[in-house]
Amino acid sequence: MAMAEHDPSGRTEAPSPGAWLEGAAGFSPSADWLGAGPRLFSPPGARPAWAAAVRGALQTHPRLARQLRGHAVPHAVSASQSGFVEPGQWTSCLPAAALLALADGSPEPLDAVRDRIPRVLAIDDWVPPHHAHSRPLDLSAAGVVEDLALYLDIARDFLPGNERALVAGAIASRGVLPLVEMCRARAAWTTSRSNWPTVIAGQVGLGLLAAWECVEAVGIRPHDALVHVVERIAAPLLTYPEDGSYEEGPGYWDYGIGACLPFCDALWIATEGQVDLFTLPNLARTGDYGLHVRTPDGGCFDVEDGVSRWIGGWMLGVLGRRTGRPDLAAAGVDTLGSPAGGPVLRQITLLAPRTAPATPTPAPVPMAFFPGTQNAMLRSDWSSDAFFAGLHAGSNTVDHAHLDLGTFTVLARGERILQDVGSWEYTLDYFRTGPGEARWDYEPNTTAGHNALLVDGSGQDPLPSAMCRFHQVDLHPESGLALLSVRLTAAYGGRLREYVRHFAFFAEGLLLVVDAVEAEEPRRLSWCAHPTGVPEPLSPGNGMSGPLGWRWRIGGASAELRVLGLEERNGFVLSEARRHTRYVDRGGRGRNYATESVRVDTLHPVTSWHIIAALRAGPADALPEAVVELTGDGVAVATGARCGTLAWSGGSLAWWAARP
């Protein structure tokens, strides 16, 4: 995941994890606690088994082998416009070469990369200019420390003593020492709730374990350094939702949690289970979040600065084995060698010797709500053809947030039906986040880039008070029905007196979105959505009553969206647009984005508006049966599996099934 280009100093300070460390983690290391290395992912006696497992994986998964061998080849190094050379360009090949040496039982893969070490050590400053506030240690520098640590530990048996000493000394002086000094000085990122502490401490923590014997040479007791590492990981995790969800979205779940997970695993192995960070409530449950946020197309519910790709498969494997969840462990192993598997090095960690849980666990239910981040992931089943809806609320002021409360994503038959516009390439302006700042000039960050409501042509405001929680979460996975309601009034900065968005999910392939809007003075309202395909206007009929709508096809799926207005006397107009956007990023590269959108606009300003959007989706040649009609009580719904009435009162939905 790309690194954040912002100063995290404004984040709320996380509490000290001292009480937790003294209790649940069993954190009481003694002086002879760690033996001689290597020690990250396998004790010395288990190295042959790990080497054999890696060899077997590379033989079984040719794509994985190609990836690993490709990563082990040194690539050309280039400078940015400012002339800075990211030091990670020199070191990124080192861990892959070390793994190949382990698998092949030969130092030959290391010969092509050894010259990279003196080159990176010759760079005086590993922190790029845009992170100058974090010198001498930032995300980039911590990544270099991790590369060196993995190289040192995995290839240790093949490295001459002088090379081991050189690498270990660099880890201690340029990773461990700065981390301890910055923690003691309470530097901004060390007390942040952003992903910085977990990333930096996790990556430098691997360096500490790998170079344990050499740390005292820089004036730091290794045990003292370990306390700082564990505290910086545990402190923010203890403030994260205990349901395992992640406020910065799935992309930064993969980055923020993923960067500390190898350290947590290595620490468990090195201490023979004495120090178990997997007992942290968030970490113990975060596998469920990763499991549910994955979408049937192999991507993810890409809220915040995320993209629609599956991330974290290897994480599920590690979490499953450490928390006694065979279903998660199996999900992780299944990603070996797949495009969705994640970084090749992380996939290989799945093969490190560890005891896998033997107790079977039941398959998770296909619907989940995570109150910590106010996200719901609803699906008809766990197949790749499932009907899926992801619903998002919560806060729009967390790091990497968009102005997108109330937005939703829909998939069917392995295709995205309604999508999130996504995340553009990062620039420095992209992280100027206050009201009226440059971040909100980027279309994907704004309300207009989501399936949400515009008021007088503009969207939501980045206000701390705009915390919008689902006040109704009524899930019935056994019958394939879900009813959810969220009050979004606060997100619009006082421009609306009341705004409630209701969702009714029917597993047969139907989603109803009901908006009830009230304003003190007349407002022009626009209901926006972003289809993946090219929408074509529909006339009334075609099996679903209603005056207007669209139909489109994408791959092996098709969809139909019909709009019903409960107050048609107000009048509204439907439109569609194809938008092409081009801009130049900070590296001078041109970027192109093409999006489709549909809108329902009030014909003139109104003080009250109720609108129902009925979306059904299924196979390209046979949409699911569904009839949605306005009645005096609400909406009558008939599908192939059920018949009844949907009504709303007091800001919540109710479903009454018709008698057989």
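Only this structure's heavy atoms are used, side chains among them; waters, hydrogens and symmetry mates stay out. Nothing here was measured: the structure is a model prediction, and the numbers come from that model.
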I would like to know whether E536 and R551 meet salt bridge (Lys or Arg N to Asp or Glu O under 4.0 Å); could you show each step before the answer? CA-CA 5 Å; E536 297 294 337; R551 193 167 188 172; over 6 Å; no
Check the pair R523 / D456 against salt bridge (Lys or Arg N to Asp or Glu O under 4.0 Å), numbers first and verdict last. CA-CA 6 Å; R523 302 284 188 182; D456 292 331; 2.9 Å; yes
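Between the side chains of H610 and D515, not a single donor N or O lies within less than 3.5 Å of an accepting N or O. Side-chain N/O atoms of S383 and D385 include no donor and acceptor closer than 3.5 Å.
Within the structure, the ring pair (Phe, Tyr, Trp, His ring centres under 6.0 Å) test picks out the following pairs touching residues 444-492 (sequence neighbours left out): F369-F470, H402-H450, Y492-Y499. Every pair tested for salt bridge (charged side-chain N to carboxylate O under 4.0 Å, His left out) that includes a residue from residues 604-613 fails, sequence neighbours excluded, so the list is empty.
Checked by atom type and distance alone, the side chain of N451 pairs as donor or acceptor with a backbone atom of H530 at under 3.5 Å. Checking side-chain atoms of Y246 against main-chain N and O of T286 turns up no donor-acceptor pair under 3.5 Å.
Partners of R413 by side chain to side chain donor-acceptor pair (under 3.5 Å), not counting sequence neighbours: none found. Shown here are the side-chain contact (heavy atoms from CB on, under 4.5 Å) partners of P296, two or more places apart in sequence or in another chain: R379, A386, F388, L411. Looking at residues two or more places apart in sequence or on another chain, you find a side chain to side chain donor-acceptor pair (under 3.5 Å) between S458 and R495. Shown here are the side chain to side chain donor-acceptor pair (under 3.5 Å) partners of W550, two or more places apart in sequence or in another chain: E576.
Ring centroids of Y289 and F370 are separated by less than 6.0 Å, placing the two rings close together.
Nearest heavy atom pair, residue V517 against residue L453, reads CG2-CD2, 4.0 Å.
Salt bridge status for E498 with R487: present, with a side-chain N to carboxylate O gap under 4.0 Å. For D302 and R416, the salt-bridge test passes: some basic side-chain N is under 4.0 Å from an acidic carboxylate O.
The side chain to side chain contact (heavy atoms under 4.5 Å, CB included) with E247 is formed by just one residue from the set V398, V303, D399; it is V398. Of the options L525, L603, V563, a side chain to side chain contact (heavy atoms under 4.5 Å, CB included) to F572 is made by V563 and by none of the others. With F408 as reference, F503 is the one residue of F505, F301, F503 to meet the ring pair (Phe, Tyr, Trp, His ring centres under 6.0 Å) rule.
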